[in-house]
Amino acid sequence: MLVRDAMSTVVLTIGPAHTLRQAAALMSARKVGAAIVLDPDAGGIGILTERDILNSVGRGQDPDAERAHAHTTNDVVFAAPTWTLEEAAGAMAHGGFRHLIVLDRDEPAGVVSVRDIIRCWAPARQRVPA
């Protein structure tokens, strides 16, 4: 199975000036654990995860004052839609993260998460005789 078969194609994108509270509210409403941060001034694509927000709040920072750009991961590992789920899982395990932005022709096409991969693998694992 390929990343394109498991990824979420409706992704949340935010700007670097969004506050962490705004990002958290949008992520909660969409029931996603990450947002793609598009920053045309910095010329790149980043990712803000629920863990980034949690770490900021845990440090006592004000989620109404903290901006997404200060907490965005910019050295992102990107997946291709044609990667296997094994390749995606390996990249996540090696990098210690739970989300991959999927690029198709240098544009965000979706996000694949550990949860997406588990959903694909779990039914196949359940059919295997014990």
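Index from 1, following the sequence. Because only heavy atoms are used, hydrogens play no part in the values below, and waters and symmetry mates are left out as well, while side chains stay in. Predicted model only: the values in this text are computed from it and were never measured.
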### Task
Treat each ILVMFWY residue as a node, draw an edge where side-chain heavy atoms are under 4.5 Å apart, and state whether Leu26 and Val37 are in one component.
yes
### Message
Within this structure, what is the CE-CD1 distance for the pair Met1 and Ile117, rounded to the nearest 0.5 Å?
### Response
11.0 Å
### Task
Kindly give the heavy-atom pair with the smallest separation between Leu2 and Pro81, and that separation in Å.
CB-O, 3.7 Å
#### Entry: Cluster link Val77 to Val3, ILVMFWY, side chain under 4.5 Å
yes
Under 3.5 Å, which donor-acceptor pairs link side chains of residues 68-75 to any protein atom two or more places apart or in another chain?
residue : atom : partner : partner atom : Å
His71   : NE2  : Glu66   : OE1          : 2.8
Thr72   : OG1  : Ala68   : O            : 2.6

### Query
If you look at every heavy atom in Ala23 and Leu48, which pair is closest and at what distance?
CB-CD2, 3.6 Å
Please list, one pair per line, the donor and acceptor atoms closer than 3.5 Å that link side chains of residues 89-102 to other protein atoms, with sequence neighbours excluded.
residue : atom : partner : partner atom : Å
Arg98   : NH2  : Glu50   : OE2          : 3.3

### Query
Can you tell me how far CD1 of Ile53 sits from CE of Met27, rounded to the nearest 0.5 angstrom?
4.5 Å
### Message
The criterion is side-chain hydrogen bond (donor to acceptor under 3.5 Å, both in side chains); which residues satisfy it with Ser56, sequence neighbours excluded?
### Response
Gln61
### Message
Give me each pair satisfying salt bridge (charged side-chain N to carboxylate O under 4.0 Å, His left out) with a member in residues 53-65, each pair once, sequence neighbours excluded.
### Response
Arg21-Asp64
### Message
Return the CD1 to CG distance between Ile36 and Leu12, rounded to the nearest 0.5 Å.
### Response
8.5 Å
Using residues 109-116 as the side-chain source, report each donor-acceptor pair under 3.5 Å to any protein atom, sequence neighbours left out, with the distance given to one decimal.
residue : atom : partner : partner atom : Å
Ser113  : OG   : Arg115  : N            : 3.3
Ser113  : OG   : Asp116  : N            : 3.1
Ser113  : OG   : Asp116  : OD2          : 3.2
Asp116  : OD2  : Ser113  : N            : 2.9

### Query
When rounded to the nearest 0.5 angstrom, what distance separates CG in Leu20 from CG in Leu54?
11.0 Å
### Residues in side chain to side chain contact (heavy atoms under 4.5 Å, CB included) contact with Ala80, at least two apart in sequence or another chain
Thr82, Trp83
### Task
Indicate yes or no: at least one non-hydrogen side-chain atom of Ile45 is less than 4.5 angstrom from one of Leu38.
yes
#### Entry: Heavy-atom pair with the smallest gap, counting every atom of Leu85 and Ala6
CD2-CB, 3.7 Å
### Message
Does atom CZ (Arg51) have a neighbourhood of more than 12 heavy atoms from anything else shown, all under 6.0 Å?
### Response
no
### Query
How many angstroms lie between CG in Asp5 and OG1 in Thr84, if you round to the nearest 0.5 Å?
11.0 Å
